[in-house]
Amino acid sequence: MVDINNAIIREMIISEKGFLDVEILVSLDLFSEIEKLKKEKNAIILAHYYQEPDIQDVADYIGDSLGLSQKAESTDADIIVFAGVHFMAETAKILNPSKKVLLPDLNAGCSLSDSAPPALFKIFKDRHPDHLVITYINCSAGMKALSDIICTSSNAQKIVESLPVDQKIIFAPDKNLGAYINKQTGRNMLLWNGACMVHEIFSMEKITRLKIRHPEAKVIAHPECEEPVLALADYIGSTTGLLKYSQTSAAKEFIVVTEAGIIHQMQKSNPSKTFIPAPPNNACACNDCPYMKLNTLDKLYLCLKYELPEIKMDETLRLAARKPIDRMLEISAHYGL
Ligand code: 13P
Ligand code: SF4
């Protein structure tokens, strides 16, 4: 047993697959312990808006997928703790390979990323050799290596519009984002049949009923939602876009149609406004991403303390995956995104 600041930490069994049996009998002040470790180790915590509020509160930077990638590339910290899901931490490693990149729980995957296995996608791509491949960042490094340009929800439209109108395009893996961009741009991109389990579960009927009960509320939705749900929205955008809209809009009430973690920042920056999480299409009132919520403050602390689990990557794969991300970052910089 080890005594740290009046707290008792019992045996921790750590494996490269994650923390198997972490038992902390503590009254540890994790917030101050994490702050100490960050300074000692020159570490930075990058967190996605879908992380639990405590994690957002200890993060050095909170953002959407584009902002997080840009931050991961530019940081001079020695250690990047990525409080998000696996593809995000992997992207940080691809962009900044000399850094140690840690993910609090290696099982934090993504249903959207899982919907596009690279071997299957390669067969599909080979059938359409005249198509350029634009892939949403929510995918594995293997998928990125098969792509021409990566995009996120905040730059997808600009990236598609930057290409000649007659350019044939495959868009993967999110069919909902792809369909939304097709609608916005008038293109006819070929869509891979993938989707996010969290954004597909929202109920059009329940949102409609909420709108009737809150007639002044603005419906704000992420483009990973299905078309009938997006049709109800007053504003559609990335998580950063949704947050900015909630800050600048004169409205006092918002029905938020994305993972509920974003509401923490919305409420913090707009304390007098009301944010109503959109209900899912089942009896459960919860619209949390089960992968994002695998990360906890305990795991984040242990991850920083023991520098595990770490993201490792084959260098040939990393270089192949980097090219389309660089194209995304160049186009984004060109448009000031
Ligand atoms: P953005 O934060 O880039 O909008 O992405 C949302 C998402 O689903 C991340 O997994
Ligand atoms: Fe993946 Fe959806 Fe979770 Fe985002 S919210 S990490 S797209 S499963």
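Each ligand, and each atom within it, is numbered from 1 in the order the structure gives. Note that the coordinates shown come from a computational prediction; the quantities given were computed from them, not determined experimentally. Basis for what follows: all heavy atoms, side chains included, without hydrogens, waters or symmetry-related copies.
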Query - For Y235, all residues meeting ring pair (Phe, Tyr, Trp, His ring centres under 6.0 Å), sequence neighbours excluded - result: Y245

**Report entry** Nearest neighbour of atom 10 (O) of ligand 1 from the list N138, L66, L177, on a heavy-atom basis
**Finding:** N138

Report task. Can you sort out the partners of N182 under side chain to side chain contact (heavy atoms under 4.5 Å, CB included), two or more places apart, ordered by chain and number? Result -> R187, M189, L191

Query raised in the report: What's in the same ILVMFWY side-chain cluster as L319, cut-off under 4.5 Å, chained through other members?
Result: none

Report task. Kindly confirm or rule out a cation-pi arrangement of K218 over F254, judged by NZ or CZ under 6.0 Å from the six-membered ring centre and within 45° of its axis? Result -> no

Query raised in the report: With backbone taken as N, CA, C and O and side chain as the heavy atoms from C-beta onward, which portion of I137 lies under 4.0 Å from ligand 1: side chain, backbone, both, or neither?
Result: neither

Query raised in the report: Relative to ligand 1, is Y49 under 4.0 angstrom through side chain, backbone, both or neither, heavy atoms considered?
Result: neither

Query raised in the report: Should the proximity of H222 to ligand 1, defined as any heavy atom under 4.0 Å, be assigned to the side chain, the backbone, both, or neither?
Result: side chain

Query raised in the report: When you look at NZ of K158, are more than 12 heavy atoms from neighbouring residues, nucleotides or ligands closer to it than 6.0 Å?
Result: no

Query raised in the report: Are any of the N or O atoms of H199 closer than 3.5 Å to those of ligand 1?
Result: no

Query raised in the report: Considering F87, Y291, Y50, which one's heavy-atom position lies nearest to atom 7 (C) of ligand 1?
Result: Y50

Report task. Could you list which atoms of ligand 1 come closer than 4.0 Å to a heavy atom of H48? Result -> 1 (P), 2 (O), 5 (O), 6 (C), 9 (C)

Report summary line: ligand 1 atoms nearer than 4.0 angstrom to some heavy atom of S238 are 4 (O)

Query raised in the report: Under the 3.5 angstrom rule, does the side chain of Q56 hit a backbone N or O of G261 as a donor-acceptor pair?
Result: yes

Requested in this report: May I ask whether H48 places a heavy atom under 4.0 Å from ligand 2?
Outcome: no

Query raised in the report: Has S153 got any heavy atom lying under 4.0 angstrom from an atom of ligand 1?
Result: yes

Requested in this report: Evaluate the side-chain proximity of E200 to N176: yes if any heavy-atom separation is below 4.5 Å, no if none is.
Outcome: yes

Query raised in the report: Does M88 have a non-hydrogen atom less than 4.0 Å from ligand 1?
Result: yes

Query raised in the report: So among K100, K36, E307, which one has a side chain to side chain contact (heavy atoms under 4.5 Å, CB included) with K41?
Result: E307

Report summary line: Within the 4.0 Å heavy-atom cut-off, what D64 brings close to ligand 1 is both

Report task. Report yes or no: does K93 contribute a side-chain atom to a donor-acceptor pair with the main-chain N or O of S98 at less than 3.5 Å? Result -> no

Query raised in the report: Nearest to atom 8 (O) of ligand 1, what protein heavy atom do you find, and at what distance?
Result: E224 OE2, 2.9 Å

Query - Reported CE-to-SG distance for the pair M292 and C110, which is rounded to 0.5 angstrom - result: 7.5 Å

Query raised in the report: Between T152 and ligand 1, does any nitrogen or oxygen pair lie at a separation below 3.5 Å?
Result: no

Query raised in the report: Can you name the closest pair of heavy atoms from N96 and A72 and give their distance?
Result: ND2-O, 2.8 Å

Query raised in the report: Under 2.8 Å from atom 1 (Fe) of ligand 2, how many protein N/O/S atoms can be counted?
Result: 1

Query raised in the report: Which part of E224 is near ligand 2, with near meaning a heavy atom under 4.0 Å away: side chain, backbone, both or neither?
Result: side chain

Report task. Work out which heavy atom in H131 is nearest to a heavy atom in D148; give both atom names and the distance. Result -> O-OD2, 4.4 Å

Requested in this report: Test W192 against F124 for ring-ring contact (aromatic ring centres under 6.0 Å, His included), laying out the working first.
Outcome: CA-CA 9 Å; W192 180 261; F124 178 71; 5.3 Å; yes

